> 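Before we start, here is the structure in question, set down as structure tokens.
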Number of protein chains: 2
Amino acid sequence: MTKIDDVARLAGVSTATVSRALRGLPTVSQATRDRVLAAAAQLGYAASPSASRLAGGKTGAVAVVVPRITRWFFATVVEAAEEALHRGGYDLLLHNLGGSETERQRLLYTAALHKRVDALMLVATPLQGPDLHAVTSLALPGVTVSSGTGVPGWPSIRIDDVAAARTATTHLIECGHRRIAHISGDPADELAFTTHIDRRRGYREALGAAGITPDPALDVEEEFTVAGGERAVAELLRRGTPPTAIFAACDEIAMGAMAGLRQAGLKVPADVSVIGIDDHDLAGVVGLTTVAQPAAEQGRLAANVLLTPLTGGDYPGEETVILPTRLIVRESTAPPRAN
Amino acid sequence: MTKIDDVARLAGVSTATVSRALRGLPTVSQATRDRVLAAAAQLGYAASPSASRLAGGKTGAVAVVVPRITRWFFATVVEAAEEALHRGGYDLLLHNLGGSETERQRLLYTAALHKRVDALMLVATPLQGPDLHAVTSLALPGVTVSSGTGVPGWPSIRIDDVAAARTATTHLIECGHRRIAHISGDPADELAFTTHIDRRRGYREALGAAGITPDPALDVEEEFTVAGGERAVAELLRRGTPPTAIFAACDEIAMGAMAGLRQAGLKVPADVSVIGIDDHDLAGVVGLTTVAQPAAEQGRLAANVLLTPLTGGDYPGEETVILPTRLIVRESTAPPRAN
DNA sequence: CTGAAAGCGCTTACAG
DNA sequence: CTGAAAGCGCTTACAG
């Protein structure tokens, strides 16, 4: 393996100069830089990251933490972040909690992040108490995406979940619905997401504004997955008179709900309207009305917010960037059946 | 930051002994080990990965390369691999090619992998010529998942794509179809996946076995996405008499095709049957008949194949592990309309 | 603009 | 079973 000494020798300079030239530091004359670059190219030299990290104190990597990479929103955020990070010359260490508290413990208390990265991106991973302390004591710059609980000093990129939920619910109300069910976050969720809390709040606010009293029988807690949506519908039907509309806290739940309704012999939207939040890739396929959120943009923005200080720019510190959402009406919502 | 010397001092041993004790090497007495562990715990010490890597020559990381993390199959493979890798104490560096040749060039020719990882997992990323050489010259153990072109000396985990396609097509034939369209890989694809080649072969073999002559007008090339499926259906309809059934090379295409058919006023399966390959999370939701493949298991197996040699076990070297697929009949396939 | 030298914080033969 | 010492391959003040 060729190392920096080989390049130095070939270029006729010191290793310090090779190091400076290769990293593009300004204090190298053009002629010297050219010579070093040529030598490095000729030898096919690339610095050893381990050695650079140890000597330089920078890892050149960013850790990205997501609850479940298999969910549309998280995969989309990661894809966009990955591109921005690599473009900026950073590696991306992926941590997928897989919905498991054990995994989260490992991440937080096992030195898994210790001196491995220069910055952190926490996607929908709210932290409190000792968990939060475990992260802040890393003393790294970071950014949260769609996290209910922000990290002190970190910027936060997200949408206004309350408003998005209000938009969704209001759309159903404007269609003429009054018996509007809601399916949202699982209280048994080990990771304690908070997104569903805000969405439920928006749901209630919209009902309230229309003078509709929230009916607990129409409010089901389930996980943010297709299977969760199916189970929730079964539960709703078990409880008695079905709603005429369902606001699902995310598109995966919504699509699961649509499937559940169909299995129960109910037609969407003739019998029951369904709306979600996300604008999942497949929302168009199943004709799902939804409140779209810019997932890729959140990932890209978050990556850039991290890249800026890492490359000498200013770290924004604690601030909140709220990205816009928009209602997309498809075929899953309609006025309730006249009766 | 506490370092190894601090622990050594507190435990009253040399740094060499601290290093050995903490890594669980056998050549340390139990009493000494206990003392070192206690000292490390008391100081909250964890070794600096950069220093360990430089001194030890191992990075403790594995790179996973996927075409598009947003596609169901890849996200599922990565999720399973991530869990196995972290469980084994390895970091996962994610590389998402994003369907872009530029990204692939960066990965291959930019030292992005140079001395950063101990092993490589290539998912559906066939390599040839100089690209293949760029990877093999890294001289790292690796594994390919569902890659058409294997890497010499590496194990390969996949399904039998030809057989899966044959199963899908045969199911349609057994339903009574003769005009069976196929939608598969995009020839313009920059990454040159090969999966679609095998699946197209299986399609033709099944037709041949049933004495059906493949009709080029029924064979459309499109990318493996929902949008690709929608476009493909539009193209099929533009070409004239629609088929009575469609075999889509993956579930995303299949679901896009279902949407396209619906938009064209055609009913599935009454007018056109549709079958895919994958058993995507949402296949059940849209009632898609498909040939299921074990995505998570492929990811888990691939990770373990890598972990084994990394932890002292035997690297299998070049060998192919074929995992089973199975037909799941739902509502999207039925006999053709009598006429 | 460039170089000599120290130092980053570990691990690994080598001895004992 | 344990330690002293060298070494991993860079980067960073410090001088000039």
Side-chain angles (χ1 to χ4, degrees), chain A residues 1-40 43-61 89 91 111 114-118 310-312, chain B residues 1-40 43-61 89 91 111 114-118 310-312:
Chain A
M1 213 73 274
T2 117
K3 19 200 218 180
I4 199 169
D5 308 76
D6 302 321
V7 180
R9 205 170 307 120
L10 181 58
V13 296
S14 70
T15 59
T17 296
V18 172
S19 176
R20 295 185 189 108
L22 256 26
R23 282 176 301 145
L25 298 195
T27 62
V28 180
S29 76
Q30 191 56 49
T32 304
R33 186 185 308 278
D34 290 345
R35 209 137 31 88
V36 170
L37 257 28
L43 298 175
Y45 171 77
S48 150
S50 313
S52 301
R53 286 166 187 184
L54 179 58
K58 282 123 174 41
T59 66
D91 275 339
H114 175 69
K115 297 196 169 207
R116 277 166 210 274
V117 294
D118 298 330
L310 259 24
T311 54
Chain B
M1 213 73 273
T2 116
K3 18 200 221 182
I4 199 168
D5 308 75
D6 303 320
V7 180
R9 204 169 308 121
L10 181 58
V13 297
S14 69
T15 59
T17 297
V18 172
S19 175
R20 294 185 191 111
L22 257 27
R23 284 177 299 145
L25 297 195
T27 62
V28 180
S29 75
Q30 191 56 48
T32 304
R33 186 186 308 277
D34 290 344
R35 211 137 29 87
V36 170
L37 257 27
L43 299 175
Y45 171 78
S48 150
S50 314
S52 301
R53 286 166 187 184
L54 179 57
K58 279 122 175 47
T59 66
D91 276 339
H114 175 69
K115 297 196 170 206
R116 277 168 211 273
V117 294
D118 297 330
L310 259 24
T311 53

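What you see is a predicted model; the values in this text were computed from it and never measured. A note on names: the letters A, B, ... follow the listed sequences, proteins ahead of strands, and every chain is numbered from 1.
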> Does A:Ser50 have a side-chain nitrogen or oxygen under 4.0 Å from the phosphate oxygens OP1 or OP2 of D:dG9?
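No, outside the criterion.
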> Rounded to whole Å, please give me the gap between CG in A:Leu54 and P in C:dC8.
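It works out to 9 Å between those atoms.
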> Can you see if the side chain of B:Ser14 gets near the phosphate of D:dG3 - specifically, an N or O under 4.0 Å from OP1 or OP2?
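Yes, B:Ser14 has a side-chain N/O under 4.0 Å of OP1/OP2 on D:dG3.
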> Mind checking B:Thr27 for me? I need base, sugar-phosphate or nothing, with any heavy atom below 4.0 Å counting as a touch.
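It contacts base atoms.
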> Decide yes or no on side chain to side chain donor-acceptor pair (under 3.5 Å) for B:Asp5 and B:Thr15, but give the supporting numbers first.
CA-CA 6 Å; B:Asp5 308 75; B:Thr15 59; 5.7 Å; no
> Name the residue closer to the 5' end of DNA chain D, choosing between A:Ala46 and B:Thr32 according to the nucleotide with the nearest heavy atom.
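Final value for this comparison: B:Thr32.
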> List the steps and the verdict of side chain to side chain donor-acceptor pair (under 3.5 Å) for A:Arg23 and A:Ser19.
CA-CA 6 Å; A:Arg23 282 176 301 145; A:Ser19 176; 2.9 Å; yes
> Taking CG from A:Leu22 and P from D:dG9, how many angstroms apart are they, rounded to a whole number?
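In whole Å, D:dG9 P lies 16 Å from A:Leu22 CG.
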> How would nucleotides 11-16 of chain D be written as a contact map, 5' to 3', with B for base contact, S for sugar-phosphate-only contact and - for no contact, using protein heavy atoms under 4.0 Å?
BBB---
> Does D:dA13 pair with anything, Watson-Crick or G-U wobble, both distances under 3.5 Å, and if so, with which nucleotide?
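Base partner found: none.
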> B:Asp6 and B:Lys3: salt bridge (Lys or Arg N to Asp or Glu O under 4.0 Å), yes or no, with the steps?
CA-CA 6 Å; B:Asp6 303 320; B:Lys3 18 200 221 182; over 6 Å; no
> Whether B:Thr17 contacts D:dT2 is assessed here as follows: a side-chain N or O lying under 4.0 Å from the phosphate OP1 or OP2. Is that the case?
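So the side-chain polar atoms of B:Thr17 never come under 4.0 Å of the phosphate oxygens OP1 or OP2 of D:dT2.
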> Any strand counts, and the cut-off is 3.5 Å on both contacts for Watson-Crick or G-U wobble. Which nucleotide pairs with D:dA4?
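The answer is none; no pair meets the criterion.
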